[in-house]
Amino acid sequence: MSTPFPFTAVVGQDDLRLALLLNAVSPAVSGVLVRGEKGTAKSTAVRALSALMPQVDVMAGCRFSCAPHAPDPACPDGPHEVGPGVSRPARMVELPVGASEDRLVGALDIERALAEGVKAFEPGLLADAHRGILYVDEVNLLHDHLVDLLLDAAAMGASYVEREGVSVRHAARFLLVGTMNPEEGELRPQLLDRFGLTVEVAASREPDQRVEVVRRRLAYDDDPEGFATRWADEESAVRARIVAARELLGSVRLGDGALRQIAATCAAFEVDGMRADIVMARTATALAAWAGRTVVLAEDVRQAALLALPHRRRRNPFDAPGLDEDKLDETLEEFGSGDDADGSDGSDGSGDPDGSGDDDPDPDPDGPGGGRSPQDGPDGGGDAGDSEGSGEVPAQGKPAENSESSENGRAPSPGAGEQSPVRAAEPFRTKMLSVPGLGEGAAGRRSRARTEHGRTTGARRPRGTLTKLHLAATVQAAAPHQRARGRSGPGLVVRRDDLRQATREGREGNLVLFVVDASGSMAARQRMSAVKGAVLSLLLDAYQRRDKVGLVTFRGSAAEVALPPTSSVDAAAVRLESLPTGGRTPLAAGLLRAHDVLRVERLRDPARRALVVLVTDGRATGGPEPVALAGRAARLFAADEIASVVVDCESGPVRLGLAGQLAGELGGTAVTLDELRADSIAGLVRDVRGDRRSDSRRTA
């Protein structure tokens, strides 16, 4: 087993380390979500935490880590008698993003269950993580069916496995820790709320601190064991402090004054439900215990708010998490008692009259501490998602090409023909657009697809491990052979060849590629505001349906991939908001660039089907025969049977109908900008499907 990087050797990242340590002190805080750009020691810090966790006492031989003093009466390995048990280190269990349902919750031996009535159960990761840490790297990319199972386990403290009338239940209480890069997409609100705390991390912009990061990492890579030995004393000191804080936790008093401040803060920031109040109370109590105090102070309430509330204030995926610290301070002051948050005289009952806890110094002088917003990076640089070093997504505010652009694809500085970006109109709810046919892509909520979850439509022989048994088909396959197999008792003699896998139909997520005309013909501010509002509405719909999105814009003399295909719809919204307009209309270039994006994406993810949303007035200018070139480019989409919708932005009393002609070339359908808000949008892609069926009948 490799030697982990020492927790105390992590440079900076005070809020991250503090949030993890508070969960080690009080697992009731309910975990932490770490958001930030890549390369900021998120995974390193989380994996290092397991070495600091106190050991746990477990029942000898129990695969489900039952506590010796209070074993689970429903444990599949039970019943257990109360006994001394054995001690072992707390486990850090990692859940891979691509894990199967059976790997997470465990699997039943269906063949033995049917033939012998035996509950042969192989525990999954939830059983391994019981009374330990369940770590999910890139948690925002976790499939929906795994998210559902995590939510159930987190809510009930137990995992249930049920297959065709055979069920197993075991305890599953764990510390949920997740890391994510916001550029790759956001979490579902239900899962987001299950994380007690959240922190934002970003790489330091201070040269000295960056030098120290590199120095320590190189030293660790050269000699992991020697590096860990040099930090052993600091690790032992923090481990001892965690144990002391756990012992003190039960003695910490959360007074009425602190409770009033917690309730007032949650009400002032309009968080949903009561979970925020409970998490804040537990976090403030853990902060006091970590500081060696038995009384919760106003500073604990403030730090708890900064850690527990930012991710609970989001109203839509385009809202950045965060708190208004001035408003927070005003609320705490208004509902404070004038002394300490609990209304006491400032004594914490520990012999420290000022309640500072200075008699228990931090073993790490640069260690975690408070008062600073978790949204600020180590250098106070703000949200990690604003970094220009993201690699996959261009820097925010990058100007698009204007009419004086060169043909080499580089975007020059804004020219005189460019108009400044306009704000998007208020987004609205749209009806569902779907891709025709039956796909097999990633699970989502848009188009019909063959999936592991959904309604059962038939049965087939299993390919590999059986995951969803079709009981009726299995019995039907086994029944004719019972006499030949010598059946004599009530049990059904089932062989592996008899097993049938259920085929199911559900929904998949698609790649929605927006191709937006940003030329001078679209530059009327009111019209562009409406266009952006419509695209923003469709982006919100894509977020809810778990799609990937991409953004191609064209103006001047070339097209630009403003956002490569990604799961981060909020990144697409930012790029859309900063989109300038002006110049000529290279429609053919925009279509060709979009077609190229789809070609590359098919190589990366061949199962994910695409839906192209072209936003234009249909005009094409610049170069020889621009309209003919655009028509030839559009026919490439029709040849590849790519579903498409053209949003016609033409306005004025005289309409040329160019967008409708373009939709015909694409093999899709057109809708005016005004109609986009109406119920008629519900039939757009259904019309595409109907048109294609009509064409097929005519050519048959």
Side-chain touch [X]/[Y], heavy atoms, less than 4.5 angstrom:
X      : Y      : result
Leu18  : Leu287 : yes
Asn181 : Asn140 : no
His170 : Asp77  : no
Leu33  : Arg35  : yes
Leu20  : Val32  : yes
Arg302 : Gln261 : no
Val139 : Leu191 : yes
Pro6   : Leu52  : no

Could you tell me whether [X] and [Y] have a side-chain N and a carboxylate O separated by less than 4.0 Å?
X      : Y      : result
Asp541 : Arg545 : yes
Asp300 : Arg293 : yes
Arg169 : Asp72  : yes
Arg216 : Glu212 : yes
Lys327 : Glu330 : no
Asp128 : Arg63  : no
Asp272 : Arg312 : no

Stepwise side-chain contact (heavy atoms from CB on, under 4.5 Å) test for Trp290 and Ile242
CA-CA 7 Å; Trp290 177 249; Ile242 291 174; 3.9 Å; yes
Specify whether Tyr220 and Phe227 have parallel, tilted or perpendicular ring planes, treating 30° as the upper limit for parallel and 60° as the lower limit for perpendicular.
perpendicular
If only atom types and distance count, is the side chain of [X] paired as donor or acceptor with the main-chain N or O of [Y] below 3.5 Å?
X      : Y      : result
His311 : Pro189 : no
His130 : Arg173 : yes
Ser568 : Pro182 : yes
Arg239 : Met53  : no
Glu235 : Phe7   : yes
Arg17  : Gly12  : yes
Thr40  : Gly36  : no
Glu94  : Leu134 : no

Decide yes or no on salt bridge (charged side-chain N to carboxylate O under 4.0 Å, His left out) for Arg217 and Asp221, but give the supporting numbers first.
CA-CA 6 Å; Arg217 186 69 211 190; Asp221 291 341; 3.3 Å; yes
At what distance, to the nearest 0.5 angstrom, does [atom1] of [X] lie from [atom2] of [Y]?
X      : Y      : atom1 : atom2 : answer
Leu306 : Thr283 : CG    : OG1   : 11.5 Å
Leu49  : Leu21  : CG    : CG    : 7.0 Å
Arg131 : Leu175 : CZ    : CG    : 13.5 Å
Asp15  : Glu200 : CG    : CD    : 10.5 Å
Asp324 : Leu328 : CG    : CG    : 8.5 Å

In sequence, state the C-alpha distance, the side-chain angles, and the governing distance for Tyr135 and Thr179, and then conclude on side chain to side chain donor-acceptor pair (under 3.5 Å).
CA-CA 8 Å; Tyr135 171 47; Thr179 55; 3.0 Å; yes
When you look at Val93 and Ile133, which way does the side-chain contact (heavy atoms from CB on, under 4.5 Å) test go after all the steps?
CA-CA 6 Å; Val93 178; Ile133 302 171; over 6 Å; no
I'd like a table of donor-acceptor pairs (distance under 3.5 Å, sequence neighbours excluded) in which one partner is a side-chain atom from residues 22-30, with atom names and distances.
residue	atom	partner	partner atom	Å
Asn23	OD1	Gly31	N	2.7
Asn23	ND2	Ala19	O	2.9
Ser30	OG	Ala28	O	3.0

Go through the structure and list residues passing side-chain contact (heavy atoms from CB on, under 4.5 Å) with Val97, not counting sequence neighbours.
Glu138, Leu141
Looking at every heavy atom in both Val279 and Gly196, which two are closest together, and how far apart are they?
CG1-O, 3.3 Å
Could you go through Arg210 and Arg205, starting from their C-alpha distance and side-chain angles, then the distance that decides it, and tell me whether this counts as side-chain contact (heavy atoms from CB on, under 4.5 Å)?
CA-CA 7 Å; Arg210 296 175 74 96; Arg205 302 300 185 255; 4.0 Å; yes
We want to know whether Glu234 and Thr8 form a side-chain donor-acceptor pair, criterion being a heavy-atom distance below 3.5 angstrom.
no
Let me see the working for Leu104 and Leu95 under side-chain contact (heavy atoms from CB on, under 4.5 Å), right down to the final yes or no.
CA-CA 8 Å; Leu104 178 61; Leu95 171 60; 3.9 Å; yes
